[in-house]
**Q** 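I am attaching a structure below and will ask some questions about it afterwards.
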Amino acid sequence: MWGMSETPPETPDFDAMTRDIAEVPAVEVIVTVAVNLMSAAAVKLGLTEEGDKYKDLDEARKLITALAGLLDASTTEISSFHAAPLRDGLKSLQLAFREASVVPDEPGQGPGEKYTGPVYG
């Protein structure tokens, strides 16, 4: 057990985390979050080496929609240098979702399409 003035070992150092994040440009935070959403969506679509082991289309839909919302909201905030590959990745995930679905959504009804518009192959 630790003393009254000691911090439990599992408690994160929020002051250090705040200092670290303060040094990171907003564009880098946005891109990092987008890449994390893309990676998680790919896993939930079964597109990784593990294949269908972690496949969950309901979870993938949520992640793809969150990614589309983030990209839609940040388009004017990040350069096309960053935005273009993220939009391409989003479209690829949307198409993979449609392909993985037993009954594909109607055009414009797929994950994130309320932000991107209908996605076609």
Side-chain angles (χ1 to χ4, degrees):
M1 196 69 170
W2 55 90
M4 294 288 272
S5 63
E6 292 180 62
T7 305
E10 67 277 352
T11 302
D13 183 352
F14 291 112
D15 290 337
M17 290 169 61
T18 300
R19 279 191 305 276
D20 290 345
I21 202 73
E23 298 170 8
V24 180
V27 170
E28 192 173 324
V29 173
I30 293 166
V31 169
T32 299
V33 170
V35 169
N36 285 333
L37 287 168
M38 292 174 103
S39 297
V43 169
K44 297 298 183 178
L45 285 170
L47 301 177
T48 60
E49 289 180 13
E50 293 87 10
D52 289 346
K53 182 177 179 183
Y54 300 109
K55 189 173 183 177
D56 184 332
L57 294 184
D58 185 53
E59 291 288 298
R61 178 184 293 277
K62 293 171 187 171
L63 293 162
I64 295 168
T65 299
L67 173 62
L70 174 64
L71 294 182
D72 182 56
S74 63
T75 297
T76 58
E77 306 301 324
I78 61 177
S79 68
S80 60
F81 173 79
H82 295 299
L86 294 174
R87 281 193 303 268
D88 290 346
L90 170 59
K91 182 177 180 181
S92 294
L93 290 168
Q94 289 171 312
L95 291 171
F97 183 93
R98 180 158 301 187
E99 190 174 300
S101 299
V102 175
V103 180
D105 295 312
E106 291 294 319
Q109 302 302 308
E113 291 184 10
K114 69 181 178 182
Y115 300 107
T116 63
V119 175
Y120 302 99

**Q** Which atom pairs, one a donor and one an acceptor, fall under 3.5 Å between side chains of residues 78-86 and the rest of the protein, sequence neighbours left out?
**A**
from: Ser79; atom 1: OG; to: Phe81; atom 2: N; distance (Å): 3.4

**Q** Got a second to check how far Leu67's CG is from Arg87's CZ, nearest 0.5 Å?
**A**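 Rounded to the nearest 0.5 Å, the CG-CZ separation comes to 11.5 Å.
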**Q** Got a sec, which pairs hit side chain to side chain donor-acceptor pair (under 3.5 Å) with one end in residues 112-121, sequence neighbours left out?
**A**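 Those involving residues 112-121 are Gln94-Thr116, Arg98-Glu113.
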**Q** For Asp58, which residues count as a salt bridge (Lys or Arg N to Asp or Glu O under 4.0 Å) partner, sequence neighbours excluded?
**A**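 Salt bridge (Lys or Arg N to Asp or Glu O under 4.0 Å) check on Asp58 returns Lys62.
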**Q** Looking at residues at least two apart in the chain, or sitting in another chain, which of them share a salt bridge (Lys or Arg N to Asp or Glu O under 4.0 Å) with Arg61?
**A**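 With sequence neighbours excluded, Arg61 shows a salt bridge (Lys or Arg N to Asp or Glu O under 4.0 Å) to Asp105, given in chain and number order.
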**Q** Do Leu47 and Leu90 share a hydrophobic cluster (ILVMFWY, side-chain heavy atoms under 4.5 Å, transitive)?
**A**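 Linked within one cluster.
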**Q** Tell me, please, which residues at least two apart from Thr48 pass side chain to side chain donor-acceptor pair (under 3.5 Å).
**A**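 Applying side chain to side chain donor-acceptor pair (under 3.5 Å) to Thr48 gives Glu50.
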**Q** Do Ile64 and Leu71 share a hydrophobic cluster, counting only Ile, Leu, Val, Met, Phe, Trp and Tyr and linking them when any side-chain heavy atoms are less than 4.5 Å apart?
**A**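 Per the 4.5 Å side-chain linkage, Ile64 and Leu71 are co-clustered.
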**Q** What donor-acceptor contacts under 3.5 angstrom involve side-chain atoms of residues 20-46, with partners at least two apart or in another chain?
**A**
from: Thr32; atom 1: OG1; to: Glu28; atom 2: O; distance (Å): 2.7
from: Asn36; atom 1: ND2; to: Thr32; atom 2: O; distance (Å): 3.3
from: Ser39; atom 1: OG; to: Val35; atom 2: O; distance (Å): 3.0

**Q** Between OG1 of Thr75 and CG of Leu70, what distance do you get to the nearest 0.5 Å?
**A**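 Here the rounded value is 9.0 Å.
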